[in-house]
Amino acid sequence: MTPSLSSPPPLIHPIWVRLMHWSNALAFLVLLTSGWRIYNASPFLPLHIPADVTLGGWLGGALLWHFAAMWLLVVNGLLYLTVGLAGGRLRERLWPIRLPLLWQDLVDALRGRLNHVDLRHYNQVQRAAYVFAVLDIVVLVMSGLVLWKSVQFPLLRTLLGGYETARRVHFAGMAGGFGFLCVHVLMTLRFPQTLRAMLLGR
Amino acid sequence: MTTRKFRQTPGSVVRGDQAAASVEPAPPTAQTPILSTPDRALLLKDSSRLLQAPARRQWLRGAVTLGGLSLLTGCEIGGGNQAEQFLKAVSRLNDRAQGLLFDPNHLAPTYTEAEVTRPFPFNAFYDVEEVTEVEESDWQLSVSGLIQDRSPWTLAGLRALPQEEQITRHICVEGWSAIGRWGGVRFSQFLQRIGADTTARFVGFRCFDDYYTSIDMATALHPQTLLTLTYDGQVLPKEYGHPVKLRMPTKLGYKNPKYIAELFVSNVNPGGYWEDQGYNWFGGS
């Protein structure tokens with residue numbers, strides 16, 4: 001056995017984080033693109049999503065994809081929140097968020113000054129963005145439940161302002177999640193070592 | 001307005017229509033030639049469905065290759081069948097999940113007369129010009145399957161039963177919704193009257209416009225499930241399913257059959273027009 005002179009680089013993302021991240025990414029992409037197709041069946045904004053970027057081929061196909069991927073999103077999301085909260089990782093990585101510091105980091109990020117030297121440490125913009133992503137998915141799931149089963153979840157339906165309002169909330173949640181995804185992918189292209197860490201752990 | 005007229009010939013018309021409908025039909029957007037002879041129009045409609053059938057079978061194969069998403073699903077091009085089988089298996093799972101979530105005591109919200117959507121939208125798998133016209137005098141409702149009294153019902157007979165009204169939201173699978181005012185006979189009471197075996201699993205419907213669908217017994221017995229004879233205080237107009245439709249505010253629009261010709265109680269899932277093409281069978285809200 002050859003003794004290694006340098007210790008291996010620190011683990012940034014344990015295996016469970018990586019598995020759940022990519023499961024969530026798959027579920028979100030399927031839900032996003034099939035959801036666009038479902039939206040196209042009855043648009044309530046002067047906006048039509050080009051069929052080429054949608055999933056499902058027709059409304060029935062899109063619905064099958066949507067109501068299959070929702071299970072992956074929800075089960076994976078609940079596991080992530082349970083392990084992340086119980087194990088302390090969410091608190092350690094995403095907390096605290098301080099508004100003055102967030103503002104400072106945001107200004108620095110926009111000026112291109114913010115760096116990702118230690119990938120184990122999230123800057124304030126990252127923390128806020130990741131917390132936003134989690135909350136956005138919570139809103140999507142809750143409004144989705146009202147759209148799917150509006151009679152069976154009366155309290156949730158009332159909280160979300162009824163079926164038609166829940167449709168708009170679900171759409172806004174989609175737009176927020178899609179916005180996050182775009183920025184997230186752009187930042188990954190800017191800092192490819194973050195992609196490597198999410199794939200290989202280090 | 002070109003209309004398709006039907007005379008009541010139980011057996012031949014209904015069975016024939018069912019056979020035609022079991023061929024994979026055209027999507028709702030397909031243009032069907034409007035002809036003056038109803039029979040000819042029907043024949044052409046059925047031929048156009050046959051022509052559309054292969055395209056319909058491709059629906060998921062095309063879907064998984066769209067935009068390179070085949071990579072995400074792990075399916076190669078041509079692996080659509082596996083994806084389709086998987087998705088349909090999940091849809092059966094979703095039927096069971098919805099059956100478990102269904103609480104017979106949860107009522108759909110009701111609305112005031114001022115909140116009714118006017119005009120209430122027409123929706124079917126064909127254009128409003130092709131709407132089915134059923135002669136009241138010819139019409140009767142056939143009832144069969146696991147029931148004690150199989151004698152058919154006339155409109156007069158149904159109108160003589162206790163009537164109730166509801167103003168509820170109709171939610172379409174496409175996403176839109178509209179509030180309507182419906183009146184008729186509580187379906188659970190009708191089932192009781194014909195001596196239906198309410199421990200059976202399904203109630204199936206065959207309609208004059210080739211449509212067919214089926215529901216679970218729990219929903220059939222829900223207090224807001226209404227064998228509907230009126231809309232907004234008037235005799236049910238032909239656009240909304242004259243003479244009889246089944247209104248369920250706990251189900252999506254495609255589960256609410258219009259122009260009902262026959263209903264039957266069964267333990268074998270009779271499927272449905274859209275359900276057999278991929279819409280979720282339970283379709284509940």
Side-chain angles (χ1 to χ4, degrees), chain A residues 22-23 25-45 49-72 74 145-155 157-158 162-168 170-171, chain B residues 27-29 55-56 58-67 69 72-74 80 83-84 86-91 93-94 97-98 100-103 106-109 111 168-169 171-179 222 224 248-252 254 274-275 277-280 282-285:
Chain A
W22 292 111
S23 299
L26 173 68
F28 192 79
L29 269 182
V30 170
L31 285 161
L32 183 71
T33 50
S34 59
W36 286 344
R37 185 100 205 177
I38 298 166
Y39 164 84
N40 274 353
S42 181
F44 50 79
L45 292 173
I49 317 273
D52 284 349
V53 298
T54 66
L55 178 68
W58 70 299
L59 174 61
L63 287 163
L64 284 180
W65 283 109
H66 209 73
F67 288 108
M70 71 171 185
W71 290 109
L72 180 60
V74 168
L145 276 175
V146 174
L147 298 185
W148 186 42
K149 307 258 75 182
S150 72
V151 178
Q152 303 309 323
F153 298 109
L155 180 65
R157 182 186 68 229
T158 308
Y163 173 82
E164 282 292 339
T165 308
R167 268 179 95 194
R168 273 78 182 167
H170 202 62
F171 187 91
Chain B
T29 48
R56 176 62 88 207
Q58 294 284 338
W59 62 268
L60 264 168
R61 198 160 306 164
V64 285
T65 60
L66 274 171
L69 280 160
L72 293 172
T73 63
E84 189 174 327
F86 170 73
L87 291 175
K88 286 187 171 169
V90 177
S91 197
L93 178 85
N94 286 339
Q98 291 176 90
L100 290 172
L101 277 174
F102 184 83
D103 183 338
H106 275 171
L107 296 182
Y111 300 86
T168 48
R169 185 182 294 278
I171 297 175
C172 180
V173 67
E174 293 168 353
W176 58 266
S177 73
I179 296 167
H222 187 271
Q224 287 173 312
M248 291 168 283
T250 55
K251 290 249 190 248
L252 296 174
Y254 67 89
W274 286 114
E275 294 90 326
Q277 298 174 65
Y279 280 9
N280 177 259
F282 195 90
S285 56

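Bear in mind that the values here come from a model prediction, so they are computed numbers and not experimental data. Here is the naming used below: chain letters follow the sequence lines, and residue numbers restart at 1 for every chain.
- Each of B:Ala108, B:Cys172, B:Ser177, B:Ala97 has some count of heavy-atom pairs under 4.5 Å with chain A, and the biggest count is that of B:Ser177.
- Note on ring orientation: taking the six-membered ring where Trp is involved, the planes of B:Tyr279 and A:Trp58 are parallel (angle under 30°, cut-offs 30° and 60°).
- Nearest approach of B:His222 to B:His106, heavy atoms of both residues: NE2-O, 2.9 Å.
- Proximity to chain B is limited to the side chain of A:Tyr163, based on heavy atoms less than 4.5 angstrom apart.
- Residue with the most contacts toward chain A among B:Leu107, B:Asn280, B:Val173, B:Leu101: B:Leu101 (heavy-atom pairs, distance under 4.5 Å).
- Heavy atoms only, all atoms of each residue included: B:Pro249 and B:Ser285 are closest at O-OG, 3.6 Å.
- Note on B:Val90, B:Asp103, B:Thr250, B:Ile171: by heavy-atom pairs under 4.5 Å with chain A, the leading option is B:Ile171.
- In this structure, no portion of B:Tyr254 lies under 4.5 Å from any heavy atom of chain A.
- The minimum heavy-atom distance linking A:Val151 with A:Arg157 is given by the pair CA-NH1, 3.7 Å.
- By the neighbour-count criterion of 12 heavy atoms within 6.0 Å, atom OH of B:Tyr111 is densely surrounded, having more than that number from other residues, nucleotides or ligands.
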